[in-house]
Q: 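Can you read through this structure? Questions will come right after.
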Amino acid sequence: MAQRYALMIAPADAADVREDYSETFTPMDVTAPALSVGELSTQRGDGVFESIGVIDGHPNEVEAHVQRLAHSARLCDLPAPNLEQWRQAIAAVASQAPEGEAIVKLILSRGVEHGPAPTAWATVAPAPDFTAVRRNGVRVVTLDRGYDLGAGERAPWLLLGAKTLSYAVNMAALREAHRRGADDAVFVTRDGFVLEAPTASLILRRGDEFVTPAPSGGILHGTTQLAVYEHLAATGRRTGYATLTATDFVTADAAWLVSSIRLAVSVTAVDGAPLPVDADLTDELNAFLLSPR
Ligand code: PLP
């Protein structure tokens, strides 16, 4: 297969109930330019996106991803996406995925400046090989997010619960983590509560309970965290949401960063202090996350 495959999508109205949306999809030449210079996603990061893990052609957690796309669009005052159109777009690009692990990306942008409609497209490409990091885990540093725990609810225009295209801050945090000799970062509020990693959710184990920061508007609600919780509950483990301090993090019995493409990785150290690692559970979680869901 080609390294990448892309479809432009002519966004349908959310009330459109046709059965087949294939005529709204246009395959793109991925080696040629495709976006207008007036495109607001590139000028301002004004849009929303999703990254979906694909295993041997099967896209995982499609429903959770299209629902979160709609949630992000709502927070950004974008026109409501037609969910059935997006499900069919995901199926169409996933059918072009290589064997093994791949990534489907969905992008819904504000569109062209002064233009009539949003711009939308979907792509599929092979995923990087994450075997080593799934085995070895990541050392993280905690980084100040610059606001307190109530900011998400107090200032919804910060779009903290939306998966927007404005990821420059998240990428800067990863570079800062690398500068400090770590592999990844976990954001901490001004008042000392842990939030999430720049591209992953945080799950802690405390005794026999699994906890994750409550997604109260300040962080993205991770589809992988939800899937992991389903698996943990189905196998008789206790799970919950909580307000967690940086001290809860460094004193946890184990911790993971979980996300759709890299899946579950153990946190092996926080700010240079080692954290216990539960390699068996990491393997169990990844075996589950790599199965069709
Ligand atoms: N939090 C942030 C900021 C993210 O960017 C991501 C994924 O990219 C996640 C959490 C995890 O979300 P998911 O499990 O749906 O991939």
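Whatever order the structure lists them in is the order used to number ligands and atoms, beginning at 1. Side chains included, hydrogens not; waters and symmetry mates left out as well; all remaining heavy atoms used. Just so you know, residue 1 is the first one in the sequence shown, and it goes up from there.
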Q: Considering Lys163, Arg262, Gln225, which one's heavy-atom position lies nearest to atom 7 (C) of ligand 1?
A: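 Nearest option to atom 7 (C) of ligand 1, by heavy atoms: Lys163.
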Q: Is there a nitrogen or oxygen of Tyr167 sitting under 3.5 Å from a nitrogen or oxygen of ligand 1?
A: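 Among all N and O atoms of Tyr167, at least one is under 3.5 Å from an N or O of ligand 1.
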Q: Do the side chain of Arg68 and the main chain of Leu220 share a donor and acceptor less than 3.5 angstrom apart?
A: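 No.
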Q: May I ask you to check whether Thr24 and Gln85 show a side-chain donor-acceptor distance below 3.5 Å?
A: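 The answer is yes; a qualifying pair exists.
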Q: Can you confirm whether more than 12 heavy atoms, excluding those of Arg44, are under 6.0 Å from its CZ atom?
A: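 Counting neighbours around CZ of Arg44, 12 or fewer heavy atoms of other residues, nucleotides or ligands fall under 6.0 Å, so no.
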Q: Which of the numbered atoms in ligand 1 are under 4.0 angstrom from any heavy atom belonging to Thr223?
A: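 The list of qualifying atoms is 13 (P), 14 (O), 15 (O).
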Q: List the residues meeting salt bridge (charged side-chain N to carboxylate O under 4.0 Å, His left out) with Asp144, not counting sequence neighbours, and say none if there are none.
A: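 In terms of salt bridge (charged side-chain N to carboxylate O under 4.0 Å, His left out), with neighbours along the sequence ignored, Asp144 is linked to Arg190.
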Q: Heavy-atom contacts with Glu196 under 4.0 Å: which atoms of ligand 1 show up? List them by number with element.
A: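 With Glu196 as reference, the close atoms of ligand 1 come out as 1 (N), 2 (C), 3 (C), 10 (C).
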Q: What pairs with Gln43 under side-chain contact (heavy atoms from CB on, under 4.5 Å), at least two apart in sequence or on another chain?
A: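 Gln43: side-chain contact (heavy atoms from CB on, under 4.5 Å) contacts with Leu40, Glu113.
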Q: For atom 14 (O) of ligand 1, what is the closest protein heavy atom, and at what distance to 0.1 Å?
A: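 Residue, atom and distance for the closest contact: Thr224 OG1, 2.6 Å.
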Q: With no hydrogens and no angle check, is any side-chain donor or acceptor of Glu61 less than 3.5 Å from a backbone partner on Thr223?
A: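 Judged by distance alone, no pair lies under 3.5 Å.
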Q: Out of all atoms in ligand 1, which are within 4.0 Å of some heavy atom of Arg68? Include the element for each.
A: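 Heavy-atom distances to Arg68 below 4.0 Å select 12 (O), 13 (P), 15 (O).
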Q: Taking the minimum heavy-atom distance to atom 9 (C) of ligand 1, which of Ser51, Ala200, Ala64, Ser260 ranks first?
A: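 When every heavy atom of Ser51, Ala200, Ala64, Ser260 is considered, Ala200 comes closest to atom 9 (C) of ligand 1.
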Q: What residue and atom, counting heavy atoms only, is the protein's closest point to atom 11 (C) of ligand 1, and at what distance?
A: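 The closest heavy atom on the protein side is Ser201 OG, 3.7 Å.
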